[in-house]
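The sequence lines fix the lettering, A, B, ..., with proteins before strands; numbering per chain opens at 1.
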Protein chains: 2
Amino acid sequence: MAAHGMYRRRDTRRELLVAEITAELRRYCVDAQHVGHAFAGQHGLNATDLQALIAVMDAELHGDPITPGRLGEHLDLASGSVTALIDRLERAGHLRRDRDPTDRRKVLLRYADRGAELAMGFFRPLGERTDRVMTDFSDEELEVVYRFMTAMGVSLREHRDEVRSARAEPSRRRVD
Amino acid sequence: MAAHGMYRRRDTRRELLVAEITAELRRYCVDAQHVGHAFAGQHGLNATDLQALIAVMDAELHGDPITPGRLGEHLDLASGSVTALIDRLERAGHLRRDRDPTDRRKVLLRYADRGAELAMGFFRPLGERTDRVMTDFSDEELEVVYRFMTAMGVSLREHRDEVRSARAEPSRRRVD
DNA sequence: GCGAAACTCTCGATCGTCTAGATATTCTGG
DNA sequence: CCAGAATATCTAGACGATCGAGAGTTTCGC
(Lines give C-alpha, C1' and ligand atoms only; values in the text may rest on other atoms or scores of the structure.)
Protein backbone atom coordinates (compact mmCIF):
# COMPACT_ATOMS: atom_id res chain seq x y z
CA MET A 1 0.00 0.00 0.00
CA ALA A 2 1.02 3.61 -0.41
CA ALA A 3 -1.58 5.75 -2.13
CA HIS A 4 -4.60 7.64 -0.99
CA GLY A 5 -2.79 10.89 -0.84
CA MET A 6 -2.60 10.26 -4.50
CA TYR A 7 -6.12 11.21 -5.37
CA ARG A 8 -5.53 14.76 -4.09
CA ARG A 9 -4.44 18.13 -5.34
CA ARG A 10 -0.83 18.80 -4.49
CA ASP A 11 -0.47 22.32 -5.79
CA THR A 12 0.41 24.24 -2.66
CA ARG A 13 3.03 23.30 -0.10
CA ARG A 14 0.26 22.60 2.37
CA GLU A 15 -1.57 20.26 0.02
CA LEU A 16 1.65 18.45 -0.62
CA LEU A 17 2.20 18.07 3.10
CA VAL A 18 -1.26 16.69 3.68
CA ALA A 19 -0.81 14.18 0.90
CA GLU A 20 2.63 13.10 2.06
CA ILE A 21 1.69 12.74 5.70
CA THR A 22 -1.28 10.62 4.74
CA ALA A 23 0.85 8.45 2.51
CA GLU A 24 3.59 8.03 5.12
CA LEU A 25 1.09 7.06 7.76
CA ARG A 26 -0.36 4.45 5.47
CA ARG A 27 3.05 3.09 4.58
CA TYR A 28 3.94 2.94 8.22
CA CYS A 29 0.95 0.76 9.01
CA VAL A 30 1.76 -1.64 6.20
CA ASP A 31 5.40 -1.89 7.17
CA ALA A 32 4.46 -2.44 10.79
CA GLN A 33 2.33 -5.38 9.69
CA HIS A 34 5.30 -6.80 7.81
CA VAL A 35 7.54 -6.52 10.82
CA GLY A 36 4.98 -8.38 12.90
CA HIS A 37 4.56 -11.01 10.22
CA ALA A 38 8.28 -11.63 9.92
CA PHE A 39 8.94 -11.64 13.64
CA ALA A 40 6.04 -13.97 14.34
CA GLY A 41 7.10 -16.35 11.58
CA GLN A 42 10.57 -16.62 13.06
CA HIS A 43 9.09 -17.66 16.36
CA GLY A 44 6.72 -20.28 15.03
CA LEU A 45 3.49 -18.33 15.15
CA ASN A 46 1.44 -16.20 12.82
CA ALA A 47 0.55 -12.51 12.83
CA THR A 48 -2.73 -13.05 14.64
CA ASP A 49 -1.03 -15.01 17.41
CA LEU A 50 1.43 -12.21 17.99
CA GLN A 51 -1.31 -9.60 18.06
CA ALA A 52 -3.22 -11.70 20.55
CA LEU A 53 -0.21 -12.16 22.77
CA ILE A 54 0.37 -8.43 22.81
CA ALA A 55 -3.27 -7.75 23.61
CA VAL A 56 -3.13 -10.17 26.51
CA MET A 57 -0.02 -8.51 27.89
CA ASP A 58 -1.43 -5.03 27.44
CA ALA A 59 -4.57 -5.93 29.32
CA GLU A 60 -2.75 -7.59 32.17
CA LEU A 61 -0.26 -4.74 32.52
CA HIS A 62 -3.22 -2.38 32.65
CA GLY A 63 -4.50 -4.34 35.59
CA ASP A 64 -7.53 -6.05 34.10
CA PRO A 65 -6.82 -9.23 32.19
CA ILE A 66 -8.70 -9.80 28.95
CA THR A 67 -11.26 -12.54 28.33
CA PRO A 68 -11.54 -14.64 25.16
CA GLY A 69 -14.67 -12.73 24.22
CA ARG A 70 -13.05 -9.33 24.37
CA LEU A 71 -9.96 -10.66 22.65
CA GLY A 72 -12.17 -11.82 19.81
CA GLU A 73 -13.70 -8.37 19.46
CA HIS A 74 -10.27 -6.81 19.56
CA LEU A 75 -8.96 -9.06 16.81
CA ASP A 76 -12.15 -9.22 14.73
CA LEU A 77 -12.40 -12.97 15.25
CA ALA A 78 -15.31 -15.37 15.76
CA SER A 79 -15.58 -17.20 19.03
CA GLY A 80 -14.53 -20.53 17.63
CA SER A 81 -11.41 -19.01 16.14
CA VAL A 82 -10.51 -17.42 19.45
CA THR A 83 -10.69 -20.78 21.19
CA ALA A 84 -8.35 -22.28 18.63
CA LEU A 85 -6.04 -19.31 18.93
CA ILE A 86 -5.85 -19.55 22.71
CA ASP A 87 -5.32 -23.31 22.46
CA ARG A 88 -2.34 -22.70 20.20
CA LEU A 89 -0.81 -20.07 22.46
CA GLU A 90 -1.45 -22.07 25.60
CA ARG A 91 0.04 -25.21 24.07
CA ALA A 92 3.13 -23.22 23.09
CA GLY A 93 3.48 -21.95 26.65
CA HIS A 94 2.88 -18.27 25.81
CA LEU A 95 -0.14 -17.78 28.04
CA ARG A 96 -2.53 -19.63 30.31
CA ARG A 97 -6.23 -19.65 31.12
CA ASP A 98 -7.50 -18.61 34.53
CA ARG A 99 -11.10 -18.78 35.67
CA ASP A 100 -12.50 -15.45 36.83
CA PRO A 101 -13.32 -16.04 40.52
CA THR A 102 -16.13 -13.47 40.56
CA ASP A 103 -17.84 -14.65 37.37
CA ARG A 104 -17.03 -18.24 36.67
CA ARG A 105 -18.41 -18.16 33.15
CA LYS A 106 -15.42 -16.06 32.20
CA VAL A 107 -11.87 -17.07 31.46
CA LEU A 108 -9.06 -14.62 32.15
CA LEU A 109 -6.02 -14.77 29.95
CA ARG A 110 -2.62 -14.30 31.56
CA TYR A 111 0.70 -14.30 29.81
CA ALA A 112 3.30 -16.87 30.76
CA ASP A 113 7.05 -16.44 30.83
CA ARG A 114 7.63 -17.42 27.24
CA GLY A 115 4.98 -14.98 26.10
CA ALA A 116 6.51 -12.12 28.05
CA GLU A 117 9.94 -12.94 26.69
CA LEU A 118 8.60 -12.95 23.16
CA ALA A 119 6.74 -9.67 23.49
CA MET A 120 9.83 -8.02 24.93
CA GLY A 121 11.92 -9.35 22.10
CA PHE A 122 9.48 -7.75 19.74
CA PHE A 123 9.15 -4.38 21.40
CA ARG A 124 12.54 -3.61 22.82
CA PRO A 125 14.36 -3.03 19.54
CA LEU A 126 11.40 -1.11 18.23
CA GLY A 127 11.36 1.08 21.32
CA GLU A 128 15.05 1.79 21.03
CA ARG A 129 14.59 2.93 17.46
CA THR A 130 11.63 5.07 18.39
CA ASP A 131 13.57 6.73 21.18
CA ARG A 132 16.40 7.49 18.82
CA VAL A 133 14.04 9.09 16.30
CA MET A 134 12.42 11.22 18.95
CA THR A 135 15.69 12.74 20.16
CA ASP A 136 15.56 14.84 17.00
CA PHE A 137 12.42 16.57 18.24
CA SER A 138 11.93 19.19 20.92
CA ASP A 139 9.31 18.84 23.62
CA GLU A 140 7.13 21.39 21.83
CA GLU A 141 7.39 19.46 18.59
CA LEU A 142 6.45 16.22 20.30
CA GLU A 143 3.41 17.98 21.73
CA VAL A 144 2.34 18.77 18.18
CA VAL A 145 2.92 15.21 17.05
CA TYR A 146 0.99 13.90 20.02
CA ARG A 147 -1.93 16.20 19.33
CA PHE A 148 -1.90 15.08 15.73
CA MET A 149 -1.79 11.37 16.40
CA THR A 150 -4.54 11.63 18.98
CA ALA A 151 -6.80 13.54 16.62
CA MET A 152 -6.14 11.12 13.79
CA GLY A 153 -6.86 8.19 16.05
CA VAL A 154 -10.17 9.61 17.20
CA SER A 155 -11.17 10.33 13.64
CA LEU A 156 -10.21 6.88 12.44
CA ARG A 157 -12.16 5.13 15.17
CA GLU A 158 -15.22 7.21 14.39
CA HIS A 159 -14.83 6.12 10.82
CA ARG A 160 -14.37 2.50 11.83
CA ASP A 161 -17.60 2.55 13.81
CA GLU A 162 -19.39 4.17 10.89
CA VAL A 163 -18.16 1.51 8.50
CA ARG A 164 -19.03 -1.30 10.85
CA SER A 165 -22.55 -0.06 11.44
CA ALA A 166 -23.13 0.21 7.69
CA ARG A 167 -23.50 -3.56 7.57
CA ALA A 168 -27.30 -3.31 7.66
CA GLU A 169 -27.80 -1.66 4.26
CA PRO A 170 -25.17 -2.74 1.75
CA SER A 171 -26.98 -0.50 -0.78
CA ARG A 172 -26.62 -1.58 -4.41
CA ARG A 173 -24.34 -4.59 -4.37
CA ARG A 174 -23.98 -6.75 -7.41
CA VAL A 175 -22.90 -10.30 -6.67
CA ASP A 176 -22.98 -11.57 -10.28
CA MET B 1 -2.53 -4.26 20.02
CA ALA B 2 -1.92 -1.13 21.99
CA ALA B 3 1.08 -1.27 24.32
CA HIS B 4 4.81 -0.93 23.84
CA GLY B 5 4.88 2.52 25.30
CA MET B 6 3.91 0.65 28.37
CA TYR B 7 7.26 -0.83 29.18
CA ARG B 8 8.76 2.64 29.58
CA ARG B 9 9.38 5.19 32.25
CA ARG B 10 6.76 7.92 32.21
CA ASP B 11 8.10 10.22 34.86
CA THR B 12 8.73 13.40 32.94
CA ARG B 13 6.36 15.09 30.55
CA ARG B 14 8.64 14.16 27.71
CA GLU B 15 8.72 10.50 28.64
CA LEU B 16 4.96 10.53 28.85
CA LEU B 17 4.76 12.09 25.40
CA VAL B 18 7.07 9.50 23.88
CA ALA B 19 5.06 6.69 25.40
CA GLU B 20 1.74 8.12 24.34
CA ILE B 21 2.78 8.87 20.79
CA THR B 22 4.11 5.36 20.40
CA ALA B 23 0.91 3.89 21.78
CA GLU B 24 -1.29 6.07 19.57
CA LEU B 25 0.67 5.14 16.49
CA ARG B 26 0.29 1.49 17.30
CA ARG B 27 -3.42 1.83 17.97
CA TYR B 28 -3.81 3.69 14.71
CA CYS B 29 -2.29 0.84 12.74
CA VAL B 30 -4.55 -1.71 14.39
CA ASP B 31 -7.66 0.37 13.85
CA ALA B 32 -6.70 0.95 10.24
CA GLN B 33 -6.52 -2.80 9.75
CA HIS B 34 -9.98 -3.12 11.23
CA VAL B 35 -11.41 -0.52 8.89
CA GLY B 36 -9.95 -2.39 5.95
CA HIS B 37 -11.24 -5.69 7.25
CA ALA B 38 -14.76 -4.37 7.74
CA PHE B 39 -14.91 -2.53 4.44
CA ALA B 40 -13.56 -5.48 2.52
CA GLY B 41 -16.00 -7.86 4.17
CA GLN B 42 -18.93 -5.70 3.15
CA HIS B 43 -17.82 -5.90 -0.43
CA GLY B 44 -17.31 -9.62 -0.58
CA LEU B 45 -13.54 -9.76 -0.29
CA ASN B 46 -10.96 -10.16 2.44
CA ALA B 47 -8.32 -7.81 3.80
CA THR B 48 -5.60 -9.15 1.54
CA ASP B 49 -7.74 -8.66 -1.54
CA LEU B 50 -8.35 -5.04 -0.63
CA GLN B 51 -4.66 -4.42 -0.01
CA ALA B 52 -3.84 -5.99 -3.33
CA LEU B 53 -6.40 -3.90 -5.16
CA ILE B 54 -4.97 -0.75 -3.61
CA ALA B 55 -1.43 -1.76 -4.53
CA VAL B 56 -2.50 -2.37 -8.13
CA MET B 57 -4.13 1.05 -8.32
CA ASP B 58 -1.18 2.79 -6.69
CA ALA B 59 1.21 1.26 -9.16
CA GLU B 60 -0.89 2.06 -12.19
CA LEU B 61 -1.48 5.64 -11.03
CA HIS B 62 2.27 5.98 -10.60
CA GLY B 63 2.66 5.02 -14.23
CA ASP B 64 4.17 1.58 -13.94
CA PRO B 65 1.72 -1.26 -13.40
CA ILE B 66 2.68 -3.94 -10.91
CA THR B 67 3.36 -7.60 -11.75
CA PRO B 68 2.21 -10.63 -9.74
CA GLY B 69 5.74 -11.16 -8.54
CA ARG B 70 6.14 -7.67 -7.13
CA LEU B 71 2.65 -7.79 -5.68
CA GLY B 72 3.62 -10.93 -3.82
CA GLU B 73 6.67 -9.23 -2.34
CA HIS B 74 4.56 -6.25 -1.38
CA LEU B 75 1.99 -8.40 0.41
CA ASP B 76 4.40 -10.98 1.83
CA LEU B 77 2.76 -13.75 -0.17
CA ALA B 78 4.08 -16.84 -1.96
CA SER B 79 3.71 -17.06 -5.73
CA GLY B 80 0.94 -19.63 -5.62
CA SER B 81 -1.07 -17.49 -3.25
CA VAL B 82 -0.68 -14.50 -5.51
CA THR B 83 -2.08 -16.43 -8.45
CA ALA B 84 -5.12 -17.43 -6.42
CA LEU B 85 -5.52 -13.85 -5.23
CA ILE B 86 -5.41 -12.44 -8.74
CA ASP B 87 -7.82 -15.12 -9.92
CA ARG B 88 -10.31 -14.03 -7.27
CA LEU B 89 -10.00 -10.35 -8.09
CA GLU B 90 -10.15 -10.94 -11.82
CA ARG B 91 -13.21 -13.17 -11.48
CA ALA B 92 -14.90 -10.46 -9.42
CA GLY B 93 -14.15 -7.88 -12.08
CA HIS B 94 -11.86 -5.74 -9.96
CA LEU B 95 -8.80 -6.01 -12.17
CA ARG B 96 -7.46 -7.72 -15.25
CA ARG B 97 -4.25 -9.32 -16.46
CA ASP B 98 -2.30 -7.83 -19.32
CA ARG B 99 0.78 -9.39 -20.87
CA ASP B 100 3.80 -7.13 -20.83
CA PRO B 101 4.57 -6.57 -24.54
CA THR B 102 8.29 -6.06 -23.93
CA ASP B 103 8.76 -9.16 -21.74
CA ARG B 104 6.11 -11.74 -22.36
CA ARG B 105 6.97 -13.75 -19.28
CA LYS B 106 5.50 -10.95 -17.23
CA VAL B 107 1.90 -10.14 -16.48
CA LEU B 108 0.85 -6.56 -15.79
CA LEU B 109 -2.05 -5.97 -13.45
CA ARG B 110 -4.52 -3.22 -14.31
CA TYR B 111 -7.51 -2.20 -12.29
CA ALA B 112 -10.94 -2.45 -13.85
CA ASP B 113 -13.88 -0.12 -13.27
CA ARG B 114 -15.27 -2.02 -10.34
CA GLY B 115 -11.89 -2.01 -8.66
CA ALA B 116 -11.47 1.73 -9.08
CA GLU B 117 -14.95 2.33 -7.75
CA LEU B 118 -14.21 0.21 -4.72
CA ALA B 119 -10.89 1.85 -3.93
CA MET B 120 -12.49 5.28 -4.20
CA GLY B 121 -15.28 4.22 -1.91
CA PHE B 122 -12.64 3.18 0.56
CA PHE B 123 -10.42 6.24 0.40
CA ARG B 124 -12.75 9.17 -0.16
CA PRO B 125 -14.38 9.16 3.28
CA LEU B 126 -11.01 8.56 4.91
CA GLY B 127 -9.50 11.47 3.02
CA GLU B 128 -12.31 13.79 4.02
CA ARG B 129 -11.76 12.93 7.65
CA THR B 130 -8.04 13.40 7.34
CA ASP B 131 -8.50 16.80 5.75
CA ARG B 132 -10.80 17.85 8.56
CA VAL B 133 -8.27 16.82 11.19
CA MET B 134 -5.48 18.70 9.47
CA THR B 135 -7.36 21.99 9.41
CA ASP B 136 -6.56 22.21 13.12
CA PHE B 137 -2.85 22.41 12.35
CA SER B 138 -0.76 25.24 10.95
CA ASP B 139 1.61 24.76 8.06
CA GLU B 140 4.54 24.81 10.47
CA GLU B 141 2.96 22.15 12.62
CA LEU B 142 2.31 19.95 9.62
CA GLU B 143 5.96 20.31 8.69
CA VAL B 144 6.85 18.89 12.08
CA VAL B 145 4.40 16.02 11.71
CA TYR B 146 5.73 15.27 8.25
CA ARG B 147 9.29 15.24 9.46
CA PHE B 148 8.28 12.93 12.26
CA MET B 149 6.36 10.46 10.12
CA THR B 150 9.13 10.32 7.56
CA ALA B 151 11.76 9.63 10.20
CA MET B 152 9.62 6.99 11.86
CA GLY B 153 8.99 5.35 8.51
CA VAL B 154 12.67 5.19 7.65
CA SER B 155 13.48 3.74 11.04
CA LEU B 156 10.74 1.13 10.82
CA ARG B 157 11.83 -0.05 7.40
CA GLU B 158 15.40 -0.37 8.58
CA HIS B 159 14.10 -2.47 11.41
CA ARG B 160 11.98 -4.55 9.07
CA ASP B 161 14.97 -5.35 6.91
CA GLU B 162 16.97 -6.25 10.00
CA VAL B 163 14.26 -8.61 11.22
CA ARG B 164 13.87 -10.21 7.82
CA SER B 165 17.56 -10.83 7.38
CA ALA B 166 17.72 -12.48 10.81
CA ARG B 167 16.10 -15.57 9.33
CA ALA B 168 19.47 -17.29 8.91
CA GLU B 169 20.41 -17.60 12.58
CA PRO B 170 17.35 -17.99 14.80
CA SER B 171 19.81 -18.26 17.71
CA ARG B 172 18.63 -20.29 20.67
CA ARG B 173 15.15 -21.41 19.66
CA ARG B 174 13.41 -24.12 21.58
CA VAL B 175 10.89 -26.03 19.52
CA ASP B 176 9.88 -28.53 22.22
C1' DG C 1 -35.64 -21.88 42.07
C1' DC C 2 -36.73 -21.07 36.91
C1' DG C 3 -36.07 -19.10 32.63
C1' DA C 4 -33.33 -15.93 30.03
C1' DA C 5 -28.91 -14.14 29.13
C1' DA C 6 -23.85 -14.24 28.99
C1' DC C 7 -19.61 -16.64 28.03
C1' DT C 8 -16.86 -20.19 26.28
C1' DC C 9 -16.09 -24.30 23.82
C1' DT C 10 -16.93 -28.20 20.14
C1' DC C 11 -17.30 -29.76 15.54
C1' DG C 12 -17.62 -29.84 10.63
C1' DA C 13 -16.94 -27.09 6.50
C1' DT C 14 -14.70 -23.55 3.87
C1' DC C 15 -11.21 -20.76 2.08
C1' DG C 16 -6.63 -18.56 1.96
C1' DT C 17 -1.89 -19.77 2.06
C1' DC C 18 2.24 -22.62 1.44
C1' DT C 19 5.51 -25.81 -0.97
C1' DA C 20 7.15 -28.12 -4.80
C1' DG C 21 7.29 -28.54 -9.29
C1' DA C 22 5.60 -27.61 -14.22
C1' DT C 23 5.40 -24.35 -18.12
C1' DA C 24 6.59 -20.47 -20.86
C1' DT C 25 9.68 -16.72 -22.10
C1' DT C 26 14.01 -14.24 -22.10
C1' DC C 27 18.97 -13.85 -21.66
C1' DT C 28 23.86 -15.45 -22.24
C1' DG C 29 27.78 -17.62 -24.35
C1' DG C 30 29.70 -20.31 -27.78
C1' DC D 1 21.11 -19.72 -33.94
C1' DC D 2 21.13 -23.14 -30.28
C1' DA D 3 21.62 -25.02 -25.57
C1' DG D 4 21.38 -24.06 -20.91
C1' DA D 5 20.56 -20.95 -17.15
C1' DA D 6 17.64 -17.50 -15.28
C1' DT D 7 13.22 -15.22 -14.69
C1' DA D 8 8.25 -15.10 -14.17
C1' DT D 9 3.93 -17.14 -13.64
C1' DC D 10 0.90 -20.84 -12.93
C1' DT D 11 -0.73 -25.70 -11.24
C1' DA D 12 -1.84 -29.11 -7.77
C1' DG D 13 -2.16 -31.06 -3.30
C1' DA D 14 -1.89 -30.36 1.62
C1' DC D 15 -2.28 -27.72 5.64
C1' DG D 16 -4.14 -24.65 8.80
C1' DA D 17 -6.71 -20.58 10.31
C1' DT D 18 -11.29 -18.96 10.33
C1' DC D 19 -16.27 -19.26 10.26
C1' DG D 20 -20.96 -20.69 11.68
C1' DA D 21 -24.18 -23.14 14.26
C1' DG D 22 -25.08 -25.25 18.29
C1' DA D 23 -23.99 -27.46 22.98
C1' DG D 24 -22.55 -26.90 27.76
C1' DT D 25 -21.91 -23.93 32.07
C1' DT D 26 -22.53 -20.26 35.00
C1' DT D 27 -24.88 -16.02 36.35
C1' DC D 28 -28.65 -12.72 36.80
C1' DG D 29 -33.54 -11.08 37.34
C1' DC D 30 -38.07 -12.09 38.78
Side-chain angles (χ1 to χ4, degrees), chain A residues 33-34 36-38 40-53 55-56 59 64-92 94-110 164 167 175, chain B residues 33-34 36-38 40-53 55-56 59 64-92 94-110 167:
Chain A
Q33 269 187 270
H34 287 178
H37 184 85
Q42 286 171 19
H43 293 270
L45 22 84
N46 61 35
T48 303
D49 295 2
L50 183 61
Q51 281 193 317
L53 196 52
V56 168
D64 70 327
I66 200 170
T67 64
R70 290 205 298 128
L71 182 61
E73 287 171 28
H74 184 75
L75 299 175
D76 260 336
L77 235 51
S79 79
S81 314
V82 176
T83 301
L85 167 71
I86 298 174
D87 286 347
R88 283 198 298 276
L89 290 175
E90 197 172 32
R91 210 178 315 124
H94 291 307
L95 53 79
R96 59 175 214 281
R97 288 170 160 103
D98 267 13
R99 277 282 160 193
D100 185 335
T102 72
D103 183 343
R104 294 217 311 285
R105 290 171 302 183
K106 293 185 184 173
V107 165
L108 299 182
L109 303 175
R110 319 267 193 176
R164 282 183 173 166
R167 236 170 274 164
V175 187
Chain B
Q33 268 187 271
H34 287 176
H37 184 85
Q42 286 171 19
H43 293 271
L45 22 84
N46 61 36
T48 304
D49 295 3
L50 183 61
Q51 281 191 315
L53 195 53
V56 169
D64 72 326
I66 201 171
T67 64
R70 290 205 297 126
L71 182 61
E73 288 171 26
H74 183 74
L75 299 176
D76 261 336
L77 236 49
S79 79
S81 314
V82 175
T83 302
L85 168 71
I86 298 174
D87 286 347
R88 284 199 298 275
L89 289 175
E90 196 172 33
R91 209 177 316 122
H94 290 308
L95 53 78
R96 57 176 214 280
R97 288 170 159 102
D98 266 15
R99 278 280 161 196
D100 185 336
T102 72
D103 183 345
R104 293 218 313 285
R105 290 172 302 181
K106 293 185 184 176
V107 165
L108 299 181
L109 303 175
R110 318 268 193 176
R167 235 170 278 165

Between the protein and nucleotides 19-25 of chain D, which nitrogen or oxygen pairs are less than 3.5 angstrom apart?
unit_1: D:dC19; atom_1: OP2; unit_2: A:Ala78; atom_2: N; d: 2.8
unit_1: D:dC19; atom_1: OP2; unit_2: A:Ser81; atom_2: OG; d: 2.9

Closest contact, heavy atoms only, B:Val107 versus B:Pro68: O-CD, 3.1 Å
Single hit among A:Leu89, A:Ile86, A:Leu53 for side-chain contact (heavy atoms from CB on, under 4.5 Å) with A:Leu109: A:Ile86
Side chain to side chain contact (heavy atoms under 4.5 Å, CB included) against A:Ala59, all qualifying residues, sequence neighbours excluded: A:Ile66
Nearest heavy atoms of A:Ala55 and A:His74, plus distance in Å: CB-CD2, 3.8 Å
B:Asp103 CG to D:dA6 P, straight-line distance once rounded to whole Å: 17 Å
Heavy-atom pair of closest approach, residues B:Ala40 and B:Ala47: CB-N, 4.1 Å
Contact residues, residues 94-102 of chain A to DNA chain C [heavy atom, < 4.0 Å]: A:Arg97
Close side-chain approach of B:Leu45 to B:His94, heavy-atom, < 4.5 Å: yes
Bending between helix ends of the helix from C:dG1-D:dC30 to C:dG30-D:dC1 [5 pairs per end, 10° resolution]: 30°
Length of the CG-P vector between B:Leu71 and D:dA8, whole Å: 14 Å
Taking distance alone, no hydrogens or angles, what donor-acceptor pairs closer than 3.5 Å link side-chain atoms of residues 78-85 of chain B to residues at least two apart or in another chain?
unit_1: B:Thr83; atom_1: OG1; unit_2: B:Ser79; atom_2: O; d: 3.2

Partners meeting side chain to side chain contact (heavy atoms under 4.5 Å, CB included) with A:Arg105 (sequence neighbours left out): A:Asp103
Start and end of chain A contact along DNA chain C [non-hydrogen atoms, under 4.0 Å]: C:dA6 to C:dT10
Validation row: B:Gln33, A:Asp76 side chains within 4.5 angstrom (heavy atoms): no
Nearest-nucleotide 5' precedence on DNA chain D, A:Leu85 against B:Thr83: B:Thr83
Partner set under salt bridge (Lys or Arg N to Asp or Glu O under 4.0 Å) for B:Asp100, not counting sequence neighbours: none
Pairing residues for A:Arg104 by the salt bridge (Lys or Arg N to Asp or Glu O under 4.0 Å) criterion, not counting sequence neighbours: none
Below 4.0 Å: OP1/OP2 of D:dT18 and any side-chain N or O of A:Arg88: yes
Results of salt bridge (Lys or Arg N to Asp or Glu O under 4.0 Å) for A:Asp87 - residues two or more places apart only: A:Arg97
A:His34: partners by side chain to side chain donor-acceptor pair (under 3.5 Å), with sequence neighbours left out: B:Arg164
Along DNA chain C (nearest heavy atom to each residue), the more 5'-positioned of B:Asn46 and A:Val82: A:Val82
Nearest-Å distance for atom pair CZ/C1', residues B:Arg70 and D:dT9: 15 Å
Nearest-angstrom distance from the residue atom NZ of B:Lys106 to P of D:dA6: 18 Å
